[in-house]
Every structure is written in structure tokens, then in C-alpha cells.
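The structure appears right after this line, and notes come after that.
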Number of protein chains: 2
Amino acid sequence: MPRNPILSASRIRTAALHIIDRDGLDGLSMRKLAAELGVQAASLYGHVSTKDDLLHEVAAGILEKVDVSGFESGDWRQGLLSCARSYRAALAEHPNIVPFLAYGPAHREASLRRLDVVHGGLVSAGWSRREATMIAASLLYLVFGAALTSFSSGFSEDQAFYRDRYPNLDKAHLLTSVARELDHDSFELALNAFVTGLAARVPG
Amino acid sequence: MPRNPILSASRIRTAALHIIDRDGLDGLSMRKLAAELGVQAASLYGHVSTKDDLLHEVAAGILEKVDVSGFESGDWRQGLLSCARSYRAALAEHPNIVPFLAYGPAHREASLRRLDVVHGGLVSAGWSRREATMIAASLLYLVFGAALTSFSSGFSEDQAFYRDRYPNLDKAHLLTSVARELDHDSFELALNAFVTGLAARVPG
DNA sequence: ACCTGAACACCGTTCAAGT
DNA sequence: ACCTGAACACCGTTCAAGT
């Protein structure tokens, strides 16, 4: 009956990310994913080798939005700032998957490779190779740290809590919007202080 | 036959942390934990309400080693540096549990409360309350980012890989020791640059 | 070629029952 | 008071079988 395939790797990835965004990382199971696609769990394994692999692919799609083009300007400070901001923005769009990225060698493979551009930009700006490596690592610290220890994270529960208790005054919306602003400003503070501090010890 | 209890909450916590250190976060199951304690899985629930709860308790024990006494000196720079270093050291001793801390509101409850001391120290040094909050958050970014995106993490597999392939030349040991040094130096670079950058915009 | 049904070896957690 | 056995409702993954 099914003329052409119901499933495809990309359809699976999209549905998986949707579930993660909605139900959290623990909320994704192969069975639920299959059900949402109108299919049996076993069918997924014709298009995806493993759940872990699927998550890596989903993560890779998100990390594609990281923009390292800022280093083409020749200004390493501008490069660092724009890369870090786009990186954080990409993660902030799908906060629930960030813990997975932190898990295994996920970030090393995809994003450290991308950070090779950063490395190159830094070296051609006069930093030593070792310094460049450490600066790139520091950038990851800030980006992943900000994505993970976000004030907004964990507010999904609080949001429900407040909504149930005080259905009229929409405190929840206030909380999240304040938290998001605080997250943003804290990241900007950390990033700017870091780059300023770096600039204090370099030629360029 | 068992005169007095075989199990206790603290014995369970110790065994759990040991398994996590050895087998990773995914390697901990209530059944394995019970077996290692010479007991049935169900027995654990007399002393521990839930696996998640157990992990929170284990985490709390680790975070007790964070030292915020550096703020008593009155020098906020010294306070930040010593707090960040002890924080990172505490996490680095048990890297496998860090992803859990990043998960839920785990870090907010225990460690943000501890960071109240940081907040107080910063405010009495002349920073505004909002700035103090953002600086404390930035500190967490660096500490958790460093603990998570560590170069050493994921080397456990590589280590096995190298050991199996080249059993004689112990490349693995070299890799991990280099990675550890790079982790340490990168964190110091990030931390010092951050504090230097902060100092560039403040009275004290 | 693509999907299904049923099974395997696991989970966390509960609860009546044993001592 | 403390632990056990058995069960419940889940997992990820495999594989012969159907179309």
C-alpha cells in the first residue's frame, strides 16, 4: 500500500528535535518518536542506526548555525565575539539538547572542527598555536556554560507551577522574560570581560 | 540474620559515586548499585526515595568542597579566583557526574545558594546587585563549561583504543596527561582574562 | 525496499510478603 | 525495622516475517 517511503532520515530528525524541544531530552524515546510519525519503533532502525547517532545528527544540524565568518575581517576580537554570539544563539534555540552535547565527544567532533577556523584566525592574528587552542577552549567554556547553567532553564516547571496557582496574573511570563534578559546580559558581560582581558596581553 | 542494617544512605551514596566514576553516568543503575552492595534493587528504596534524589545527594556532597572563603579577604578578585578554582577542582574530581549537574535545577539549588556568598562579596566590593548576579553567573559559565567541554573527557574510550592497539608504548597516559594540562591551563587563561577584563571596568 | 510483530535484555519503582 | 520476590510499565535494539 505505501507507494513510497513514509519515513526518511530527515523527517525523523525533525520529529526528534520537536519532541526534545517540547518534552525535554528524557522525553524522547524511540517508541514515542515512532508513534508520533505513525509508525512502529522498529521501523526507525531502517533509517537511523541508533538513538545516540540520531541525537548526534540532530545536534550537528543545530551546530551548523554557528557562524565563524567573523574571522575573515582580520580582527580576532570581532571574530571571537561574533562566533561566540552565534554559537550561544544556536544553542539557546534548543536548550533541551545542550546536555547531550555536553555528554560525550559530541562537541569535540563537530564543533571543535568548526573551531579550527577560530584557531586559524587567532594564529594569523599573532597568538601562538597553544594560546589559540586555549582561547578556543575558553570560548567553548563560555558558550556551553551559558547554555547549560541558564537562569531560564528549569523555568518550564516553575512556569507550570505558577500558572496553576495564579492563573490570572501571568507571573510565569514575567519570570522567563526576566531570566532570558539576565541570561543574555550575563553572557555579554562574561564574553566582553574575557575578550577585554585577553586584549590586555597581546600585540594586536 | 542481619542483626543491624546492611544499607545506609551514606553507604549507598558512596557506592553510587564509585560506580559513576568508574562506569560513567549511564553506567549507574539501581540494579547494579544494589548488586554491588550485595542487596536487591528494591531494598534501596528504603533509604533513598528515588534515583534522581540519590544523584542530587551525591552531587551535593561534591559541591561541599567549593570554597568561598576567599571573599573574606575583602578582595573580590581573590575571592573570585579562589572560588572558581576550588569549584572547578571539585568537579574535575568526578567529571562523570557533571552532565547531571547541568541537567535540571541541580546547580541552582545547591550551588547558586553557595554563590550567595560570592554575590555578597561582590556587592560589598562596590558592584551593583545586578552586576553581582551576572558576575556570579559568569563564574558558573566558566566552571561548568570547563568541567563539561574538557579535553580529557571522552579520553577514557580513546585510552582503551590505544591500549588495545599499542599495548607497549603507553600513548594513552601521555594523551590524558597532556589533555589534563591543557584543560588546566585553558581554564586559568579564561579565568584570568575574565577577571582582568572585569577589573578594567570597576572602582576597586 | 520498507514496515511490522514479537521477542530479548534491560530500566525505575511499588508493594505485599517474609524474617 | 529491614530486606526480598514478583510484578508493572517502560526502555533500546534485533530479526524473521509480511507486503
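Below, chains carry the letters A, B, ... as their sequence lines are ordered, and counting in each starts from 1.
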Counting side-chain heavy atoms from C-beta on, which of D/dC15, C/dC3, C/dT14 comes nearest to B/Ala42?
C/dT14

Nearest-angstrom distance from the residue atom NZ of B/Lys32 to C1' of C/dG12:
15 Å

Taking CG from B/Leu44 and C1' from D/dC3, how many angstroms apart are they, rounded to a whole number?
11 Å

Atom pair distance, as rounded to whole Å: NZ in A/Lys51 and P in D/dG12:
4 Å

Can you measure A/Asp53 atom CG to D/dG12 atom P for me and round it to whole angstrom units?
15 Å

Whole-Å gap separating C1' (D/dC3) and CD (B/Gln40)
9 Å

Got a second to check how far B/Leu198's CG is from B/Ile135's CD1, nearest 0.5 Å?
4.5 Å

Reading DNA chain D 5' to 3', what string of ( ), [ ], | and . shows its pairs, if Watson-Crick and G-U wobble pairs count only when both distances fall under 3.5 Å?
||.|||||...|||||.||

Heavy atoms from other residues, nucleotides or ligands near CZ of B/Arg13 exceed 12 (cutoff 6.0 Å):
yes

State the CG-CD1 distance between A/Leu28 and A/Ile97, to the nearest 0.5 angstrom.
9.0 Å

By nearest heavy atom, map A/Leu28 and A/Ser43 onto DNA chain D; which one lands nearer the 5' end?
A/Leu28

Given the rule in the salt bridge (charged side-chain N to carboxylate O under 4.0 Å, His left out) test, do B/Arg201 and B/Glu131 qualify, once you have shown the distances and angles that lead to the verdict?
CA-CA 11 Å; B/Arg201 71 171 73 181; B/Glu131 285 168 332; over 6 Å; no

Phosphate-side-chain proximity, A/Thr50 and D/dG12, N/O vs OP1/OP2 below 4.0 Å
no

Between D/dT4 atom P and B/Ile6 atom CD1, what is the distance in whole Å?
6 Å

Measure from CZ on B/Arg31 to P on C/dG12 and round the result to the nearest Å.
7 Å

Can you see whether A/His47 engages A/Ser8 through a side-chain donor-acceptor pair at a distance of less than 3.5 angstrom?
no

Would you say B/Ser29 places a side-chain N or O within less than 4.0 Å of OP1 or OP2 belonging to C/dC10?
no

Looking at D/dA6, D/dC2, D/dC15, which one has an atom nearest to any side-chain atom of B/Pro5?
D/dC2

Starting at CE of A/Met30 and ending at P of C/dT4, how long is that distance when rounded to a whole Å?
14 Å

Can A/Arg88 and A/Glu188 be counted as an ion pair, charged N to O under 4.0 angstrom?
no

N/O donor to acceptor pairs below 3.5 angstrom from side-chain atoms of residues 59-74 of chain B, sequence neighbours left out:
residue	atom	partner	partner atom	Å
B/Lys65	NZ	B/Glu93	OE1	3.4
B/Asp67	OD1	B/Ser69	N	2.9
B/Asp67	OD1	B/Ser69	OG	2.7
B/Asp67	OD2	B/Ser69	OG	3.3
B/Ser73	OG	B/Gly70	O	2.9
B/Ser73	OG	B/Asp75	N	3.2

